[in-house]
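Worksheet: the structure to be examined is printed underneath.
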Amino acid sequence: MEEQINAYLTFQTGDNTFAVSVNNVVEILEYQEPKTRQSTLPYLKGLIDHRDGVVPLIDSGLKFGLNPIEVNEQTCTIVLAVNPNKSDEFHVAVMVDYVSDIIEVSEENKRSIVSSYKPGYVAFATSTADEKMVLALDVDKIFTDTDVICMLSMRDNK
């Protein structure tokens with residue numbers, strides 16, 4: 001059984017700080033312009049080269065209902081391993097304003113979000129040492145089955 005690490009990579013999208021478990025992080029890359037492809041998903045920007053293949057590139061601002069990412073010298077891409085059905089893992093690249101830090105989050109520092117705002121992919125909220133609120137994402141719940149089918153279809157028909 002794979003050991004779960006309680007460490008999270010934090011990143012900035014607009015004025016919001018998000019985090020993903022380091023267990024899901026494959027690699028952090030400099031931003032690269034995607035090869036554009038037609039998509040019904042407004043946040044799907046195209047495909048980027050990654051190792052021996054291509055992966056879909058997601059604009060985290062658009063995906064999370066914020067302003068689109070404005071590309072600058074700090075913009076980077078986090079390649080994530082996603083396994084929504086616990087059977088077939090695939091990789092997706094998420095463009096963010098910048099990567100912040102790696103934080104350890106103990107169980108007692110995980111705060112549930114009890115409101116109608118909470119999208120299903122927000123696992124919990126926590127705070128950084130400087131009291132900045134962080135929304136921790138459940139990577140396996142960010143995309144719907146329809147989203148995954150669209151991304152895989154785009155990738156496979158490159």
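Owing to the predicted nature of the structure, the values given are computational and were not obtained by experimental measurement.
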Please name the residue in the list T128, T10, T17 that meets the side chain to side chain contact (heavy atoms under 4.5 Å, CB included) test with D101.
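Of the listed residues T128, T10, T17, the side chain to side chain contact (heavy atoms under 4.5 Å, CB included) partner of D101 is T10.
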
Tell me whether [X] shares a hydrophobic cluster with [Y], the cluster being built from Ile, Leu, Val, Met, Phe, Trp, Tyr side chains joined at under 4.5 Å.
X   : Y    : result
V20 : L62  : yes
L29 : V22  : no
V92 : V122 : yes

Distance, nearest 0.5 Å, that separates [atom1] of [X] from [atom2] of [Y]:
X   : Y    : atom1 : atom2 : value
I28 : C76  : CD1   : SG    : 6.5 Å
I48 : M95  : CD1   : CE    : 10.0 Å
N23 : L80  : CG    : CG    : 11.5 Å
L57 : M151 : CG    : CE    : 11.0 Å

Per the side chain to side chain donor-acceptor pair (under 3.5 Å) rule, what does the pair list look like for residues 44-53, sequence neighbours excluded?
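Found E27-H50, E27-R51, K35-D49.
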
Checking the side chain of T126 only, and the main-chain atoms of N109 only, is there a donor and an acceptor separated by less than 3.5 Å?
yes

Check for a donor-acceptor pair, side chain of D59 on one end and backbone N or O of I69 on the other, with a separation under 3.5 Å.
yes

What is the minimum heavy-atom distance between S106 and N6, and which atoms define it?
CA-ND2, 4.0 Å

Looking at F64, F18, F143, which one forms a ring pair (Phe, Tyr, Trp, His ring centres under 6.0 Å) with Y121?
F64

With a sphere of 6.0 Å drawn around CG of D15, does it hold more than 12 non-hydrogen atoms of other residues, nucleotides or ligands?
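Atom CG in D15 is not crowded, with 12 or fewer foreign heavy atoms closer than 6.0 Å.
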
Kindly write out the residues that satisfy salt bridge (Lys or Arg N to Asp or Glu O under 4.0 Å) with E108, not counting sequence neighbours, or none if the list is empty.
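Per chain and number, E108 pairs via salt bridge (Lys or Arg N to Asp or Glu O under 4.0 Å) with no residue.
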
Of all residues at least two apart in sequence or in a different chain, which pass the salt bridge (Lys or Arg N to Asp or Glu O under 4.0 Å) check with D147?
K63

